Amino acid sequence: MATPRSEPKQERARRTKNHILQSAAQLFAERGYATVTLQDVAERAEMTKGAVYFHYTNKEALAVAVVQEHYARWPEILKGAEGNHEEPFDTLTAVLDTVTRAFATDIVVQAGARLQIERALIDAELPEPYVGWEDYLTRLIAEARDAGQLRAGVEPRAAARVLVSAFFGMQHISDVLSRRKDLAERHEELRAVLLEGLRG
Ligand SMILES: CCC[C@@H]1OCC(CO)=C1C(=O)O
């Protein structure tokens with residue numbers, strides 16, 4: 001990794017730390033937590049193992065950092081997706097479209113999702129997964145209900161739980177069977193069958 005001589009020390013450290021994190025995310029997403037070693041991360045980052053250790057003392061610390069970065073990205077991604085749609089149901093649709101694009105393109109999101117599944121292998125404190133999505137989608141679906149856009153009899157939290165389960169199952173199966181190459185197509189199916197099935 002090239003380092004400009006004039007770069008301030010703190011900026012150089014931040015950039016190096018991020019480069020290591022991106023390299024680790026690629027490996028965690030490709031191979032899973034168990035098989036990746038710090039030596040693998042050093043090689044992917046084109047750095048020495050010592051330089052990696054300087055920033056992350058062990059593999060658990062790297063996994064925690066990737067998951068934390070995964071969580072940290074969503075408020076901005078979702079704020080952009082919510083935008084200023086007139087109809088709450090349009091907001092819900094736009095959010096799911098945006099989340100799918102993030103899972104299809106963002107290696108930190110892909111690695112974070114896989115580490116959540118493999119959390120039992122990671123000897124570190126990680127946030128409880130999926131519950132934030134359930135609360136967030138419950139709010140959006142309740143707003144659609146209040147605007148008369150939700151099918152009669154649908155309970156927002158139940159619908160949110162079904163959407164979270166369907167989405168994370170979909171993205172996982174797409175990853176396992178096609179490395180997410182068919183994720184957009186599968187998302188269209190989820191939108192047409194499940195999301196439109198909620199519309200009042
Ligand atoms: C609405 C954000 C929900 C939260 O942020 C990223 C993430 C990881 O999947 C979360 C979760 O699982 O609840």
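Hydrogens, waters and symmetry mates play no part in the numbers below; they use all other heavy atoms, side chains included. Whatever order the structure lists them in is the order used to number ligands and atoms, beginning at 1. Predicted model, so just to flag it, every value in this text is computed and none were measured.
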(request) Can you spot which of Arg180, Arg186, Lys181, Arg114 makes a salt bridge (charged side-chain N to carboxylate O under 4.0 Å, His left out) with Asp175? (result) Arg180
(request) Return yes if some donor-acceptor pair links the side-chain N/O of Lys59 with the main-chain N/O of Val36 below 3.5 Å, else return no. (result) yes
(message) For Ala158, is there any backbone N or O sitting under 3.5 Å from a side-chain donor or acceptor partner on Glu155?
(response) yes
(request) Measure the shortest side-chain to side-chain distance between Val154 and Arg145 over non-hydrogen atoms and say whether it is less than 4.5 angstrom. (result) no
(message) Taking non-hydrogen atoms within less than 4.0 Å of ligand 1, which protein residues qualify?
(response) His70, Tyr71, Trp74, Leu78, Gln116, Pro129, Tyr130, Val131, Gly132, Trp133, Tyr136, Phe168
(message) Ring centroids only, cut at 6.0 angstrom: are Phe167 and Tyr130 within range, meaning strictly under it?
(response) no
Run the side-chain donor-acceptor check on residues 193-200: report pairs under 3.5 Å with partners two or more places apart or on a different chain.
unit_1 : atom_1 : unit_2 : atom_2 : d
Glu196 : OE1    : Arg199 : NE     : 2.8
Glu196 : OE2    : Arg199 : NH2    : 3.3

